[in-house]
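A note on names: the letters A, B, ... follow the listed sequences, proteins ahead of strands, and every chain is numbered from 1.
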Amino acid sequence: MLELQRIRENRDTVIKQLAVKNFDATEIVDEIIALDKERRAKQKELDDTLARSKQLAKEIGICYKSGKIKEAELLKKETQSLKVVSKSLSDNLEMIVTDMNKRLVELPNVPHPSVPKGNSEKDNEVVYEEGKIPELYEKAVPHWELAEKYKIIDFNLGAKVTGAGFPFYRGQGARLQRALINFFLDEAINNGYLEYQPPLLINEDSGFGTGQLPDKEGQMYYAQLDNLYLIPTAEVPITNIYRNVILKATDFPVKNVAYSSCFRREAGSYGKDVRGLNRLHQFDKVEIVQIQHPDKSYDTLEEMKAHVSELLRKLELPFRIVKLCGGDLSFTSALTFDFEVYSAAQKRWLEVSSVSNFESYQSNRMKLRFKDDSGKAKLAHTLNGSALALPRIVAALLENNQTENGINIPAALQKYTGFELIE
RNA sequence: GGAGAGUUGGCAGAGUGGUCGAAUGCGGCGGUCUUGAAAACCGUUGACCUUCACGGGUCCGGGGGUUCGAAUCCCUCACUCUCCGCCA
């Protein structure tokens with residue numbers, strides 16, 4: 001969530017910036033400012049009352065010790081009435097704070113000044129393009145047909161055992177998955193990331209910390225009996241490692257990487273967008289997370305973009321980088337670049353990575369701070385990106401590399417797969 | 001799943017219901033001494049809210065209660081450890 005002080009001191013700017021996300025914040029912002037003012041007044045009143053009570057309690061203690069029972073009893077009278085007052089004040093204060101926080105959480109992150117205005121993905125800006133779009137031979141088919149032909153991915157079997165969107169990978173298909181995971185992890189480790197294997201279930205506090213809760217619980221699978229959620233991305237457990245943590249400035253940059261399965265309910269999705277591997281309920285992803293000093297987080301974003309670009313280059317996939325417009329930007333992000341690879345048989349671009357800077361939006365929610373030179377605790381910046389999500393990479397690899405004789409595996413991956421051709 | 005013990009500042013570890021935000025040690029930071037370092041000695045050393053400031057308030061695992069007053073008593077939840085059971 002946004003920092004209260006920022007809202008208080010930059011009302012107009014915040015409203016103007018949120019308009020880029022097509023979000024009319026005027027009402028909420030003004031309400032927050034009003035509640036904040038009320039809160040501070042109440043706080044002062046309560047503090048004064050408590051201070052008086054504390055003082056009296058001390059005096060009563062002294063009276064009892066020196067045997068002045070009568071005086072003590074007298075003082076008790078006053079303190080009892082103060083107690084009623086402070087109780088009602090603190091109840092009142094709690095209500096105000098609860099209200100204020102409720103509204104605060106409703107405000108999305110402020111977009112970076114470079115974010116273009118726009119309503120949908122049509123308004124996103126293609127900022128970079130690399131690689132040659134392959135020309136396929138006549139009988140080329142989309143990946144779901146290749147999956148069946150080579151018996152490497154079985155969607156029907158998944159539907160039988162679990163449901164739609166939970167495929168089985170089989171034989172060379174399973175091996176390819178494992179190869180990609182290892183390839184991505186090794187590349188990240190070589191770039192200075194520390195590998196983690198996170199839990200796949202998270203509690204409510206973690207869900208709140210990264211911004212999935214309270215509003216997006218419908219997108220996560222939920223284990224009701226234990227009040228735990230299946231992770232939609234490793235970002236959640238990995239970033240929450242630092243919930244309520246105060247880092248030293250010398251800890252920056254924190255660079256973590258994790259492979260995990262990801263679970264998404266994807267309620268309401270349908271049609272050709274969800275065909276084959278395009279959209280699944282369970283998929284594998286290698287996620288990179290960085291925590292950085294506020295002054296350096298945009299350099300870090302560039303570094304992460306370069307890392308993802310290099311992965312796609314090594315996989316010999318044509319890709320482009322898209323800067324998301326305000327309307328397409330996620331609730332929590334200040335700036336996001338999507339990476340898309342070209343899927344030759346479907347003749348469309350598929351999103352395989354999303355690299356974002358959340359600035360202090362997540363940090364503020366999870367109280368992730370660092371000590372600056374003056375010794376003051378300040379909010380750190382959090383960033384993350386997929387590096388990479390597997391299914392659409394697999395889709396593009398299968399489609400783009402299909403030949404009459406089989407599917408070619410790019411050179412960089414061969415030492416991981418142990419084969420050069422799917423046949 | 002059953003029984004018991006515990007959770008205090010960066011760490012270790014005291015704490016009788018009354019001036020405890022909390023002894024002491026270690027660590028960290030600053031200083032004295034030294035050519036420099038170590039040792040020794042002195043000082044300092046949490047977070048949050050509020051205030052221009054002085055100051056005030058909150059926080060001893062989380063939440064609730066008793067009391068004029070709670071780290072200390074009671075309830076509840078979470079977690080950790082030990083033993084038993086089950087188990088990849």
Side-chain angles (χ1 to χ4, degrees), chain A residues 1-9 32-105 197-209 213-214 223-229 237 240-252 254 261 360 363-380:
Chain A
M1 56 195 183
L2 295 176
E3 291 167 68
L4 190 53
Q5 197 185 347
R6 178 175 182 180
I7 296 171
R8 196 192 295 153
E9 290 170 8
I32 289 170
I33 291 173
L35 284 166
D36 178 46
K37 199 173 167 191
E38 212 181 324
R39 174 190 133 255
R40 282 187 289 171
K42 275 282 180 289
Q43 181 79 57
K44 174 90 172 73
E45 228 180 304
L46 175 64
D47 285 355
D48 289 348
T49 312
L50 287 176
R52 179 73 186 137
S53 300
K54 267 180 90 163
Q55 181 59 35
L56 285 173
K58 275 182 191 174
E59 285 172 24
I60 291 169
I62 293 165
C63 284
Y64 274 124
K65 265 195 176 159
S66 53
K68 299 179 193 161
I69 309 293
K70 268 199 178 152
E71 287 182 36
E73 294 300 324
L74 219 67
L75 287 172
K76 270 196 193 179
K77 288 253 163 62
E78 183 182 349
T79 206
Q80 263 155 354
S81 71
L82 280 178
K83 209 176 161 185
V84 178
V85 174
S86 63
K87 172 81 177 124
S88 106
L89 279 172
S90 73
D91 284 353
N92 202 233
L93 181 67
E94 197 186 315
M95 271 172 53
I96 294 167
V97 170
T98 305
D99 274 6
M100 190 180 74
N101 285 338
K102 208 183 276 170
R103 311 260 42 195
L104 216 44
V105 163
Q197 251 186 54
L200 303 181
L201 290 132
I202 47 117
N203 60 28
E204 233 170 297
D205 286 346
S206 296
F208 179 82
L213 297 175
Q224 199 169 12
L225 210 54
D226 297 291
N227 197 25
L228 296 172
Y229 296 84
N240 272 286
I241 292 171
Y242 301 92
R243 175 152 46 82
N244 289 321
V245 165
I246 301 179
L247 296 165
K248 293 186 288 258
T250 50
D251 292 332
F252 292 136
V254 174
S261 291
S360 61
S363 300
N364 193 212
R365 286 177 153 240
M366 65 176 99
K367 300 291 166 252
L368 159 50
R369 291 165 294 172
F370 71 100
K371 288 228 167 155
D372 68 5
D373 295 337
S374 67
K376 275 209 59 115
K378 287 168 72 175
L379 295 171

| query | Salt bridge between A:Asp91 and A:Lys87, side-chain N to carboxylate O under 4.0 Å? | reply | yes
| query | Roughly how far apart, to the nearest Å, are B:A37 and B:C54 at atom P? | reply | 36 Å
| query | On a whole-Å scale, what distance lies between the C1' atoms belonging to B:C26 and B:G63? | reply | 34 Å
| message | Quick check: do A:Arg39 and A:Leu4 have side-chain heavy atoms less than 4.5 Å from each other? | response | yes
| query | Side chains of A:Met366 and A:Phe208: closer than 4.5 Å at any heavy-atom pair? | reply | no
| remark: Taking for A:Lys378 and for A:Arg40 the nucleotide of RNA chain B with the nearest heavy atom, the one nearer the 5' end belongs to A:Lys378
| message | Please give the distance between the C1' atoms of B:U72 and B:A22 as a whole number of Å. | response | 12 Å
| Nearest heavy-atom neighbours spanning A:Ile32 and A:Arg103 | CG1-CB, 3.7 Å
| message | Work out how far the C1' atom of B:U66 is from that of B:G56, and round it to whole angstrom. | response | 27 Å
| For the student: nearest non-hydrogen atoms of A:Arg365 and A:Met1, plus distance | CG-N, 3.1 Å
| remark: Taken to the nearest whole Å, CG/A:Asn203 to C1'/B:C79 is 12 Å
| d(CG, A:Asp36; C1', B:U50) in whole Å | 11 Å
| said: With a sphere of 6.0 Å drawn around CD of A:Glu9, does it hold more than 12 non-hydrogen atoms of other residues, nucleotides or ligands? | reply: yes
| message | I need the CG-P distance between A:Asn244 and B:C59, as an integer number of Å. | response | 17 Å
| field | Spacing of the P atoms in B:U34 and B:U44 (rounded, Å) | value | 24 Å
| message | Rounded to whole Å, please give me the gap between CG in A:Asp226 and C1' in B:A78. | response | 13 Å
| message | Work out how far the P atom of B:C84 is from that of B:G25, and round it to whole angstrom. | response | 41 Å
| message | Under 4.0 Å, heavy atoms only, any strand: does A:Leu82 hit a base, just the sugar-phosphate, or nothing? | response | nothing
| message | Does a side-chain N or O of A:Lys367 approach OP1 or OP2 of B:C48 to a distance below 4.0 Å, or not? | response | no
| message | In this structure, how many angstroms lie between the P atom of B:U51 and the CD atom of A:Gln5, rounded? | response | 11 Å
| task | Would you kindly compare A:Ile62 and A:Leu4 by the position of their nearest RNA chain B nucleotide and give the one closer to the 5′ end? | result | A:Ile62
| How would you label the contact of A:Lys248 with the nucleic acid (heavy atoms, under 4.0 Å): base, sugar-phosphate, or nothing? | nothing
| task | Classify every nucleotide of nucleotides 60-77 of chain B by which part a protein heavy atom approaches to under 4.0 Å, writing B for the base, S for the sugar-phosphate alone and - for neither, in 5'-to-3' order. | result | -------BBS--------
| query | Nearest-Å distance, CD (A:Glu45) to P (B:U51)? | reply | 14 Å
So which protein nitrogen or oxygen atoms get under 3.5 Å of nucleotides 52-58 of chain B's nitrogens or oxygens?
| unit_1 | atom_1 | unit_2 | atom_2 | d |
| --- | --- | --- | --- | --- |
| B:G56 | N2 | A:Asp47 | OD2 | 2.7 |
| B:G57 | O2' | A:Asp47 | OD1 | 2.9 |
| B:U58 | OP2 | A:Lys54 | NZ | 3.0 |

| said: Between A:Asp251 and A:Lys248 (side chain of the first, backbone of the second, donor and acceptor by atom type, cut-off under 3.5 Å), is there such a pair? | reply: yes
| Counting just side-chain N and O atoms, does A:Arg8 come under 4.0 Å of either OP1 or OP2 of B:U50? | yes
| query | In whole Å, what is the span from the CD atom of A:Glu38 to the P atom of B:U50? | reply | 15 Å
| query | What closest approach, in Å, do A:Leu379 and A:Ser363 show between heavy atoms, and which atom pair accounts for it? | reply | CD2-O, 3.7 Å
| request: Taking all non-hydrogen atoms of both residues into account, name the closest pair between A:Leu89 and A:Lys42 and its distance. | output: CD2-CD, 3.8 Å
| With rounding to whole Å, what would you report as the distance between B:G85 and B:A47 at their P atoms? | 48 Å
| field | Residue pair A:Arg40, A:Asp36: steps toward the salt bridge (charged side-chain N to carboxylate O under 4.0 Å, His left out) verdict | value | CA-CA 6 Å; A:Arg40 282 187 289 171; A:Asp36 178 46; 3.6 Å; yes
| query | In whole angstroms, how far is the P atom of B:U45 from the CD1 atom of A:Ile246? | reply | 17 Å
| request: Taking atom types as modelled, find out whether A:Asn203 and A:Ser206 have a side-chain donor-acceptor pair closer than 3.5 angstrom. | output: yes
| message | Between B:G10 and B:G17, how far apart are the two C1' atoms, rounded to whole Å? | response | 30 Å
| How many angstroms lie between OG1 in A:Thr49 and NZ in A:Lys54, if you round to the nearest 0.5 Å? | 13.5 Å
| Please, what dot-bracket string fits RNA chain B when only Watson-Crick and G-U pairs with both distances under 3.5 Å count, crossing ones use [ ] and pairs to another strand use |? | ((((((((.[[[..)..(.....]]]((((((.......))))))(((((....))))).[[[[[..)....]]]]])))))))....
| A:Lys367, NZ atom: more than 12 neighbouring heavy atoms under 6.0 Å | yes
